[in-house]
Every structure is written in structure tokens, then in C-alpha cells.
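The structure under discussion appears below in the form of C-alpha cells.
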Amino acid sequence: MAASGGTGYRNGATSRNSLKPDKLFSPNSHPKSSLKSKSLPNSALRRSSPASLGAAKDDGGVPGRVRVAVRLRPRNSEELIADADFADCVELQPELKRLKLRKNNWDSDTYEFDEVLTEFASQKRVYEVVAKPVVESVLDGYNGTIMAYGQTGTGKTYTLGRLGEEDTADRGIMVRAMEDILDEVSLETDSVSVSYLQLYMESIQDLLDPANDNISIVEDPKTGDVSLPGASLIEIRHQESFVELLRLGEAHRFAANTKLNTESSRSHAILMVHVKRSLKGRDPTLSSDIGGNSHLVKTLKPPIVRKGKLVVVDLAGSERIDKSGSEGHTLEEAKSINLSLSALGKCINALAENSAHVPVRDSKLTRLLRDSFGGTARTSLVITIGPSPRHRGETTSTIMFGQRAMKVENMLKIKEEFDYKSLSRRLDIQLDKLIAEHERQQKAFEKEIERITKEAQDRISEAEKIHSNALEKERLKYQKDYMESIKKLEDQLMVKQKKLGGEKVINEAVAASASSIIANGEGSAASALKEVAELKRLVNKEALLRKAAEEEVSNLRSQVSQLKRSETSCNSEILKLRKTLEEEQNQKKKLEGDIAILQSQLLQLSFEADETSRRLDIGEPGKVLSSLDSLVQQVKHSQAQEPANGEKASVAKLFEQVGLQKILSLLEAEDYDVRIHAVKVVANLAAEETNQQKIVEAGGLSSLLMLLRSTEDETIHRVAAGAIANLAMNETNQELIMSQGGISLLAVTAVNAEDPQTLRMVAGAIANLCGNDKLQTKLRGEGGIKALLGMVRCRHPDVLAQVARGIANFAKCESRASTQGTGTKAGKSFLIEDGALPWIVQNAKNEASTIKRHIELALCHLAQHEVNAKDMISGGALWELVRISRDCSREDIRTLAHRTLLSSPAFQAEMRRLRIDY
């Protein structure tokens, strides 16, 4: 699909990569170990600077400086013929990381870079030294940029975008970077997504969706961060799909045939890789206590997510119209490319010179790269050059661009946030599990009650039946025995009566004969008496049997009573079980109410998560942290609060709603996380001047000093020292800090601290106290100056900048006191007495502008007091004052140094002795 003026879309062919000859790369070179977190120091535009070279080898200095590598393209077939009689215009010294640019056969200029890559350097070596440190930073949660700059036809697209389909060793930075990213991330918890764009004629177009050809840039009004909400964002899970996307995007990119390159890029290609990683070891836990009428969430710790963005920029090549032969539409494209590259160069020049105004809005390219140069990203630049002496001018321009880029410093910032959405999903799952478990236990409990009730009823019925049968059998048995005994007794009685009746008749008949009757009657009476005795014995026996039967009946009745009592006990147990069941049902209703409350909290938590994510994306970590503390307190006390009009309260509003006393009370909490969040809230509140007086009046200053005194945790020390530094910006608060022994506590903290950020906060607090004229003597007496000088052991530029600021403030107060005659000390400066002068002189030429500016001010203020002149002359400070008066970039400091030298008789005499023309 052709475009006017000879420009068309790429068709995916590899003719663009024809820059590589048969013996372009060699496996001779061995990549050095990549540096993950350190960056090279800021260096000026220089030639053969041994100090800068040493810094480059040690890789020390400013962590966020732009790293620049230069790569030389070998001669192509045309140059092998046309320049056969001429030497290359450049000479590489990779072991010294130097490049010599020949002016002629006898003169050359030497430049130094972070890496120098010859024409034999492999693609793997280029990736290891240029891109891998940036990729590792992106995996750690930072933003990173890899960019190629150079004349058209010098191998930028080959370095970045080569797919390596024919030979895997030829893979470019884009393909290798994605391989490393996919190897490191976990596809279960992490995500990787890409956008592929081109900037053509100041129009941003989507290479993955050609119909989307006018994407707008959206800037956050508060942070200035740029985003492209209209661009396609494709999630990547396999390397093959990513290579296919690159092939698709390359086919849609504009290219044209020029004299310098048969397939010259006519647009800037931008690959954006978004990496979202969840930190391991911080899984949230949800512990609950179910008892009585409460269901409380004990701990609620959301997981932490780090978001890094990798931007790979393949810039279109700069070109001269007379050499490229562009005309018509191709000429308009060349003009647009050169204008955007010129705007980028202006921005880099302004950043390198610390200019107050950086023209980032002159081009869409500079707006898109706002975070890459002077922002928060780790940036690595590879500049590509050719060997041909015919293009010495373009080669020189490219080298100078790289030299200026090495002076740009970025402030690296990790992109970290709390994953409330993941926490909300986990809580939903936990709720579902709890509800299901509760229902399961409830059903099991009901079934158990039914089973126990049925078993008790069956046992009672069986016992009643057994006892009833036993009673009936015993009753029938005793009744039968009783009837038999009665019948037997009646029979015996009848026999006795009959016998007694016969005897009576006989006695009447023989009454006449007394002796005969008596004789006969005595024998009968004896027999009757015997029978009566036997009958009595039987009656007694029957009475005993009857008594035993009655006792047996009594025992059976007792057993029946006992069974009835057992039945009553079983019924009582059944009633208790039914009562317990009713209580469980009531508890179920209460638990359902608690679950409903927790679900409402989850809805609020989800809303808070969306708001928190949005604020973290736009760079408001302080407010998010404050809101997090408020949320933690709400969850811990089960106090649901409704959002105000859908917007999250600011720190000031949180201050009013929660109450300062409640926040300060949490500084003494036993829970470590609560105490950390509380001190962070206080630190954020102290950053606002309107809150500082309230914090001091409520005892917040004393609480912060107590934390320094009582705890050994360095994180608490760092945040507390930052809050004290904010409070120390007020003169009244400075006197309170000194009166409560604050300088001694800060000095002890500085001695024990190892973390550079903790030292920076402590040094900042002491530096603010150094600016108070009334506290000079006391501050020095309690070890403030020695604490400042002790922190230079860290050598971190941010710490050194705060130390230099404190020394400058102290020297300024001394100078003002001596000039106005209000000083309490007539002798030489406390700084000189405490041994600060050698460090001041040593760092007067420090490459970091913030350190250098404060050191220069300190020297000027020390020199204004004549009594210090002798020590400054012997310590070498005179030479630095002369240099400052001549070469300082700031006119006010330069004027102050000049005036000081002219007004000091001692300095004037020494300059005459040394024959310094001044």
C-alpha cells in the first residue's frame, strides 16, 4: 500500500537489516556483568577527562544519570568502494571506553562514554551492557527507557528491532528484553502487556491497529505524567505472540528509499511494555473470631503490586537533505523528523545545563519522553555512528548529542501500590467459604439433634415396653401363687373342720362314760393340736411368701419410678437440645447480619481501592498512605464510613475526621504495622504548614522525639526524622526541638543509621536547625556539626547535599552575626574548629550541582569573617574562592566571592604574595 512521495508501509521484509555484512559480529567479546541499581555520575561535555573515566569504571555517583553507549556500524558495500582510499573517521578504544574522532590525519578529539561497542560487538553483548540493567529495573517496579539515536542507515532498527528469525543470535533488544521479562514473571499472579506506536508527521498512530491513526496525549495536571488511553494494549503470555505483534507493527511502519538507506524509517517507533508484579511473601490473612455475638476481622493486609513500564524508542534517523536526496512528500517527512529530533536535543541541552525552562511541549516526541529525560525513569541511550569520513559532520553531531545526554540526571522512583482489588476478591472467596462452612455445620448440627432425639425416643419406648412386660409377668405369677396358696389353705381348713365335727359327735355319745371318753379324747386332742400347729406353720409360711411378693412388687414399682425419672431426664435433655438449637438459629441470624455489614465494608473497600489505584497512578503516595491508615482503623474498629460525594478525603480532611489525638496515640501502638502507618500519617500532616502548629500543640513533636529515643527500627527513624525536618522549618518549633534534646537524638540516630534515606532525613532536619541564629552555640555544643560531618561517610549524593546545605546555613548565620555585631563568639568559626574546612574544600568542585552550590556559599560566608582567613588560606580555600569568583555559574555567588576577596586584607596580601592577578 504505497504512499505519496515514495513513502509506504513496511511489508515485513528483512531488507532493512541488510546493514549487517557477513562478518559483522564476532563471539570474541564477553559481556561484562550488568549493574542493576547504580548509575554513572554526571559528567560534563569533556575530552580525555581521567576523573570522569574513573567514575565510569566504578559506576558510582548519581544513581539516575542517563547511561550512553556508542555503537559503530561497519562499512557497507558502497563505502568499501567509495572510501577505499580513506581511513575511518573514528577510532574506538573499547577497553578505555573512549572514542577518537579524527579531524584530519594528525589531529583528533577524544570522547568518553559508558560503553564503546565496536563493529564486531554481538547483539547479545549490546543487550547485556545497554538494555539488561534497564529491564531488571522495570522488573523491580521502576520505569525504564531504551532509545537508539543516530544518522539514518547506521543500524538503529537493527540494534533494537531485529527479530532474528533466520539466526537467533541476531535478535535485537526488543525480542531479548521480552524473553527476560517472561522468564522472570509468574503468569499466574503477574501480567505483561504491550503497545506499539509510531510518531509520524507529529501524529501518533497505532501500529497494531492502523485505523487508530490520531491518538491523543493525556497529561495529568498535577504530576505531569503522560498517557495514551487510546492506544491498543495487548496482553502477552508467550514469546511467539510478541514476535508476531512486532512483525505486524513493522509491516505498518512508514519507510522510504533514500540515497543513504534503501528502507529509511520515516517515523519514530515506540514500544511500551507494562509489567505488573505482585510481591511474594505478603499474602493477606483474614483471621476471624466467632464467639458470642461478634465476628471481627483481626488483620487486613493488602498485597503490594509493583508496576514498571519499559519504553523502547527507535528514532527515525537524522539526515541532511542534500545527502539523502529527499524530495516531495519524503522531503516533508524529513523536515518533520529533523524538527522533532531538534526539539529533543533542545530539551536535553536544557536539562544538561540545569536550565529553569525545559521546552518539552515543542514536540509530541519530547512530551512522550518526558519521564525518560529529567523524570523518574532509568534511561539507557545507544547512539549509532558510521565509519565513513564523508559523514564526519553527522557523526560529530551524534557524538555531541550523546555527550550532552550523559549530563542528564533522573530521579528514580519505584511504582508500588496496594492491590485492594485482589484483597477484595480474596475476602469475597473467604466470605463464601465461611457462609458455606456455617451452613454445612448448621445442617450437620440439625441432623445430629434429630438423630439424638430419635434415639432417645426409641430407647424410652423400648424401656417402657420391657418394664411393662416384666411387671405383667410378675403380677400374673404372684397372683397365681396367691390363689393356689388360698385354695390349699381352704382345703386344709375344710379337712380340719370335718375332723373336729366327728370328734364332737363321739364325745356327746360317750358322755356317760367319762373315763372312757377322756381316755379316748386325749389321743384325738393331741392329734388335732399337731394338725393345728402344722396349719399355723403353713399360714406363717404363706404370710412370709406374701410379704416377699409385696417386697418384689415394691421393687418393681421403684424400678418403674426410676424409669419414669429417666424418661423425665431424657425429656429435659431434649428440651435443652431444642433450646440450644434455637440459640444456634438466633446466632445464625446475627452472623448473617455481621456478614451483611462485612459485605458493605467490602463494597466501600472496593471503591476505596479504585480511588487509591487512581491516586497512585497520578503520583499521590502521601494521600494514599494517609487514607490507608484511616481505612485500617475503620476495619479494626468495624466502623463503616460512607465516601463523601465519591471522592477520597485529603490528608487535611482525614486530619479533621479522625482527630489528631487519635493519630498520635497510635504512635505507641504495639502492632508494628499500625505504628509505621501512624508515623507516616503524622509525617504527611507535618508536610503541610497549616498542620504543624496543631501537631506541636498536641504533643506530636514530643512523640516523634520519643520514637527516636525508644525504638531501634530504622524505618520509623527515617519517617520520624522526616516529620521532624518538616516541623524544623518553623523558628518556634526549632527552639522547642533544641529544648527537648532533639539535636542529641538526631546525632545518635545519624551514628546508628545505615540507610541513605534515613541519613538524608536526619541531615535535612539538622540543616534546618542550622539556619537559626539563636541556636548556633547550643547546636554545636550538642554535637550537631560533628553529626553532619559524620554522615558524609555515606557518600550518597542526596545525603551530601543535605550536609552541604546545613554547613551553608550555619556559615551564613555566623557571617550575619559577625557582620551585624550580634554574635556571641569572637573567635574563628565553629565549622573550622570542628574540622569541616577540609571537607568543604574537597567538595567545592563536586559535580552534583546541589552540593557544589551550597559548598560555594559556605566558603563565601566563612571568608567574610576576617578571623577565618588564616585557616582558609592554609587549607587551600583561597584558590577555591578565586575560582568561584571567576567560573561560578551563578552570578550572585560569583559577585559575593569577588566582593569578599576584595574586602579581606589577608586574602589581598596572600594573592599579592602568590602573584595572583586579581
Check your understanding: salt bridge (charged side-chain N to carboxylate O under 4.0 Å, His left out): which pairs involve residues 196-219, sequence neighbours left out?
Key -> Glu219-Arg361, Glu219-Arg367, Glu219-Arg370
Review point. Just checking, any donor-acceptor pair under 3.5 angstrom between side chains of Thr159 and Arg71?
Key: yes
Practice item. Evaluate the criterion salt bridge (Lys or Arg N to Asp or Glu O under 4.0 Å) for residue pair Arg247 and Glu250; output intermediate values, then yes/no. Key: CA-CA 5 Å; Arg247 187 182 295 110; Glu250 189 70 11; over 6 Å; no
Exercise for review: Please test Leu139 against Arg277 for side-chain contact (heavy atoms from CB on, under 4.5 Å), starting from the C-alpha separation and ending with a verdict.
Suggested key: CA-CA 8 Å; Leu139 289 170; Arg277 303 189 71 188; 3.7 Å; yes
Review point. Can you tell me if Thr189 and Ser278 form a side-chain donor-acceptor pair at under 3.5 Å?
Key: no
**Study point:** Glu333 vs Lys335, salt bridge (Lys or Arg N to Asp or Glu O under 4.0 Å): CA-CA, chis, key distance, verdict
**Key:** CA-CA 5 Å; Glu333 293 173 337; Lys335 290 180 180 179; over 6 Å; no
Practice item. Look at the side chain of Lys156 and the backbone N and O of Gly150, then say whether any donor-acceptor pair between them is shorter than 3.5 Å. Key: yes
Check your understanding: Can you tell me if Ser363 uses its side chain to pair, donor with acceptor, with the backbone of Ser340 under 3.5 Å?
Key -> no
Check your understanding: Does the side chain of Tyr149 reach to within under 4.5 Å of the side chain of Thr398, using non-hydrogen atoms?
Key -> yes
Review point. Any side-chain donor-acceptor pair under 3.5 Å between Arg378 and Ser137?
Key: yes
Practice item. Please check if the side chain of Glu119 supplies one atom and the backbone of Arg73 the other of a donor-acceptor pair under 3.5 Å. Key: no
Check your understanding: Just by modelled atom types, is the Ala377 backbone N or O under 3.5 Å from a matching donor or acceptor in the Asn410 side chain?
Key -> yes
Review point. Considering residues at least two apart in sequence or located in another chain, which fulfil the ring pair (Phe, Tyr, Trp, His ring centres under 6.0 Å) criterion with Tyr142?
Key: none
**Study point:** By side-chain contact (heavy atoms from CB on, under 4.5 Å) - contacts of Lys309 (at least two apart)
**Key:** Asn143, His274, Val311
Practice item. Evaluate the salt bridge (Lys or Arg N to Asp or Glu O under 4.0 Å) criterion for residues Glu115 and Arg125: first the C-alpha distance (whole Å), next the side-chain angles of each, then the deciding distance (0.1 Å), finally the verdict. Key: CA-CA 11 Å; Glu115 290 291 341; Arg125 163 110 176 122; 3.6 Å; yes
